[in-house]
Each structure stands twice: as C-alpha cells, then as structure tokens.
Amino acid sequence: MGWRETVVSVGQMEQQWERVQDLLRGEIGDAAYRNWLQPICIVDAQQDAVCLGVPTRFIRDWVVTHYAPRIRELWMDLCGDAVDVSFVVQPVRRAAPGIIEPDSAQTAEVVALAAVPEPAPPEDRDSMTAPLDKRFTFDSFVVGKPNEFAWAAARRIAESDIAPFNPLFLYSGVGLGKTHLMHAIAWHIRERDPRRTVGYLSAEKFMYRFIRALRYHDMMNFKEQLRSLDVLMIDDVQFISDKDSTQEEFFHTFNALMDQGKQIVISADKSPTDLQGIEERLKSRLGCGLVADIHPTSYELRLGILESKVEQIKGEQSRPDSTEILIPPKVLEFLAHKITTNVRELEGALRRVVAHAHLIGRDITLESTQEVLHDLLRQRERHLTIDAIQKEVAQHFTIKIADMSSPRRARAVARPRQVAMYLSKILTSRSLPEIGRKFGGRDHTTVMHAVKKVEELMREDTDFAEEVDLLRRMLEN
Ligand code: ADP
Ligand code: MG
C-alpha cells in the first residue's frame, strides 16, 4: 500500500536523516545526541543507500558500534524499505554529495587528513573552570562524623602545594556535599595562591569539550589547557561511565596528567569499584589515590547544618526593613528529624518555611512548619506503617513481633520496643495515643518517655545512634 517516490533525491534523504536524528535524540538524550549524532552529515545518497560522514575515526567507531543498528531500523521504519547505511570518516561538515564513494572509507580518511579542519568555535577556548558557587566554601561547610574524612582530605589538598594523594576520589549519594567540597578546594587555592590554576568541570562538560577537541582537531590546544592547570576536578564521573570508547581516550589524558604530577579530584555517586560500565584497569587507576566517602547525614549533623543555614539566610536578608526571622529550636529539631534524605532537601525545606513566614507575615511555629511542608512530609511516610516499623525493628534486634505489644519489661525487649516507638513517632504522622495503642494499648506518656529516652541514648552513645539511624534509613527506603 505504501506509496513511495522512486527517485530519492539527496534533499529527501537529508530530510529523512533529520527525522532519524530527531527520533534518536529522543531515545538517547540531548548530551549524547550533541556528542555523537549532531556532527554527522550526509556525504552521498542513492535510492536505497546512504553514506554518512563522521568527523573522526574515533567517533565513527563509536557510532558504528552503538547507534548504527538503531539508525538502520529507524530509517527503515521511516521509508518502509531497507536502507543501506554506511559511515565514512569525513571531517568537513557539509560536503557536496557525490565526492566520495559510499564504501571507500580509506579514500575518505585520506581526504580527512588533507582537509583543513574547521577552526573550533570559541567555546572550546574557554577557561577550564565552570562558574563556582560563592556559597560553597570551607567556612560554610559543616563538619560532622559522616563527612569529616572527606572534608579533611579536601582541606589537605587545598592547603598543599604538591599532590598529597592522587587522585582524590570523593563519593556519596546525592546532595551530601561533594560539589560543595570541590568548589571549596578551588576557592581556597585561589585565595591562598592566585598563581595556581584550578580547573573544575562536570564530567559531562569535560567529555563534551573533549569530543569537540577531537572533532575539530583541537586536541593539542585542549591538552595544553589541561597541562597548564595545577589542579583538575571532575564532578560526577558516573555520567561518563557508559561511553566505552571515550573512556579510553579520557583515561589516557587522565594518566598523562597524573604523570605530570597534577592534582586530580574526582567525584561520583559510587566507589570506584562499584562504578558500572568502567573497565577494571581504569577503576583501579581511579581508586589508586585516596578514596573518601561521605556518609548519609546524622541527626546532629543535620541540626548543625540547619543552624548554619539559618545564619546564612539571615545574612542574605539583612535589609533594614526586613523583620528578623526567628526560628524556634523545636522547628529545627523537627526538620532535622523529618528531612533525612539529603542536605539539599533539608535546606530547601528550611527555605520554604522561612519564605512562607515572610510572605504571610506570621511567626514560624511547629504547626506552620508542618503545614507548609505537608506534601513533602506526606510523601516520605506514604508507605510506612507502624506495623512495618515494628516488624523491621523486631527483626533487627531478633525479638518476636508479639513482644512489641507484650507487657514484658525486660531490657532485651523493652529497648527495641522503645526504638520502634521512637521511629513510629519520627517516621509517621501518628499521634502519641495512636502509637501507644499499637504497642499493646500503652499510654501516650509511655510513648513520650520512650522517644525522650531514645533521643537521650542517641546523644550519649554514638554506636546506638548509628544503629537507630541505620534502621531509620532502611525503613525510609
Ligand atoms: P552533591 O554534590 O554531593 O550532590 P552538593 O555539594 O551539591 O551535593 O550539596 C547539596 C547542598 O547541600 C548544597 O547547597 C550544599 O551547600 C549543601 N551541603 C551539603 N553538605 C553540607 C555541609 N556539610 N554543610 C553545609 N552545607 C552542605
Ligand atoms: Mg554534585
């Protein structure tokens, strides 16, 4: 049924190619599209064959292994017939069709060498540093047990003239301070010795620059820029872990810089060994310096961070007309208890509460806080029931679930029961009497006592605090 023109012009092929590119862009995302597909153009087209020009041999190999099958599929869907898609290395972006034989890759490479490469657009000559956030300094970084090791390592690098360990590999879940520490290193070095140069880039930006340098034959310049740095920081390397052939080039560059004694700082969401899609030898190279992880926040650290953020917010808003915001300690404690995922969310919640108070012109109270953060808090506890908490805690302390509601008072069951009550209080929105009922019809004062007791023990005994925190995290996930 499908009607199709018998004579296919290059113009039509170009349209089809644009369509295929669009579809593929939707599948692989903008960044990958820009890196790999955008630079491709049609070199020659016949009715059922198209030859695509790829700027470098390296990009061609990558496109052929990763995208060629899908490109053929999409093209076939588009015109209903198999299209023979071939690739040649062809650095000139818009060549006149017909210059190159579709399958003579050899010739094309000779042409590639002879052709004068396009000059790289100005962006490639930017400095190696993405803008740094003014707020991310060592001064504003609150140190606690979960992050002190990473912090100490970052400090050490910021204060040393030669690399004390190389590379420094920082890793943690999102929003726990990796980027903050990297920016802090950069600020500190700049302040201490403005002659030292620091490069900071997200891994994606780094790869983008890298690919562009390859594409525009600007590698010398790119490497020169890298060589001129004293410290190079690459943030979130997990985002490049899937791109096989770029890795190869990336790590040659990486090794060369290490050999030149440049300090390198890398961050990722996983340890080097757990990074997926990265070759073993590269993983071991990444992990051969100092590996420092930032643990999830503790209650104490969250409270400390909130206190410091309150000061920061006050500083930002110190206009003569603005009324002083007062945040009761109870509210900060409440937030530190409830918003446990990461620091970014914690700060976001605090800012929301403050903004709301300003807008409405009312004081901040525990009630107003609960109201403002209603949706956020709700989301957290959607799936969590007291039954589930009792079950998890009983399992953890190897007692029977029945003991959660039994009258037994032996420490071995009473303590886990108190922990379960405490967790029910902080992780659900049940009232004290409701919680009491769930624990064998106990009085709300018993629950209150349990919560106080657990908090007190957590302050006194860090091992116990960690254990309770671990349980909380397990329940939240
Ligand atoms: P990551 O890079 O690990 O995802 P960020 O460094 O972007 O996390 O941190 C997220 C937010 O939390 C930032 O606003 C940062 O300033 C703040 N933050 C994280 N840890 C701390 C800390 N220990 N002290 C103060 N602020 C912190
Ligand atoms: Mg980050």
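We count ligands from 1, going down the list as the structure has it; atoms in each ligand are counted the same way. Positions are given from 1 along the sequence. FYI, side chains are in, hydrogens and waters are out, and symmetry mates aren't considered; it's all heavy atoms of this structure.
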Where the closest heavy atom to atom 15 (C) of ligand 1 is concerned, which of H183, H180, E345 has it? H180
With respect to V343, determine whether any N or O atom, backbone or side chain, lies less than 3.5 Å from an N or O atom of ligand 1. no
Of all protein heavy atoms, the one nearest atom 26 (N) of ligand 1 is K309 NZ, 3.1 Å
For L301, is at least one N or O under 3.5 Å away from an N or O on ligand 1? no
Would R155 count as a cation-pi partner of F138, with NZ or CZ less than 6.0 Å from the six-membered ring centre and within 45° of the ring normal? yes
Quick check against the 3.5 Å criterion: does D236 have a side-chain atom that pairs as donor or acceptor with the backbone of S267? no
Any N/O/S atom, side chain or main chain, of T179 closer to the Mg ion (ligand 2) than 2.8 Å? yes
Any nitrogen or oxygen of G175 lying under 3.5 Å from a nitrogen or oxygen in ligand 1? Just yes or no. yes
Tell me, do L226 and L232 make a side-chain contact under 4.5 Å, heavy atoms counted? yes
Heavy-atom nearest neighbour in the protein, as seen from atom 24 (N) of ligand 1, with distance rounded to 0.1 Å: V142 N, 2.9 Å
Please list the nearest protein heavy atom to atom 21 (C) of ligand 1 with its residue and the distance rounded to 0.1 Å. F141 CE1, 3.8 Å
I'd like to know if E456 pairs up with R459 as an ion pair, taking the criterion as any Lys NZ or Arg NE/NH1/NH2 lying under 4.0 Å from an Asp or Glu carboxylate oxygen. no
Are L350 and L335 packed together at the side-chain level, in the sense that at least one heavy-atom pair is separated by less than 4.5 angstrom? yes
among protein heavy atoms, the one nearest atom 7 (O) of ligand 1 is R344 NH2, 2.9 Å
Contact between ligand 1 and R135 is defined here as a heavy atom of the residue under 4.0 Å from a ligand atom; is it met? no
So, R352 side chain and V372 main chain: donor-acceptor pair closer than 3.5 Å or not? yes
Go through ligand 1 atom by atom and flag the ones less than 4.0 Å from a non-hydrogen atom of V174. 4 (O)
Hey, is S140 touching ligand 1 through its side chain, its backbone, both or neither, going by heavy atoms under 4.0 Å? backbone
With a 3.5 Å distance limit and no angle check, can you tell me whether K338 reaches the backbone of I426 through a side-chain donor-acceptor pair? yes
Please could you name the atoms of ligand 1 that F136 approaches to less than 4.0 Å, counting only its heavy atoms? 13 (C), 14 (O), 15 (C), 16 (O)
Between the side chains of K178 and S172, is a donor N or O closer than 3.5 angstrom to an acceptor N or O? yes
Distance to 0.1 Å, residue and atom name: give those for the protein heavy atom nearest to atom 14 (O) of ligand 1. E347 OE1, 3.2 Å
Of all the non-hydrogen atoms in the protein, which one sits nearest to atom 2 (O) of ligand 1, and at what distance? T179 OG1, 2.8 Å
Do E466 and H295 have a side chain donor and acceptor closer than 3.5 Å? no
Per-residue contact class, V143 against ligand 1 - non-hydrogen pairs under 4.0 Å: neither
Are side-chain N/O atoms of D235 and T179 paired as donor and acceptor at under 3.5 Å? yes
Geometric N/O contact G177 with ligand 1, under 3.5 angstrom: yes
Check each atom of ligand 1 against the heavy atoms of N147 and keep those under 4.0 Å away; list them by number with element. 23 (N)
Using a 4.5 Å cut-off on heavy atoms from C-beta on, say whether the side chain of H180 contacts that of S140. yes
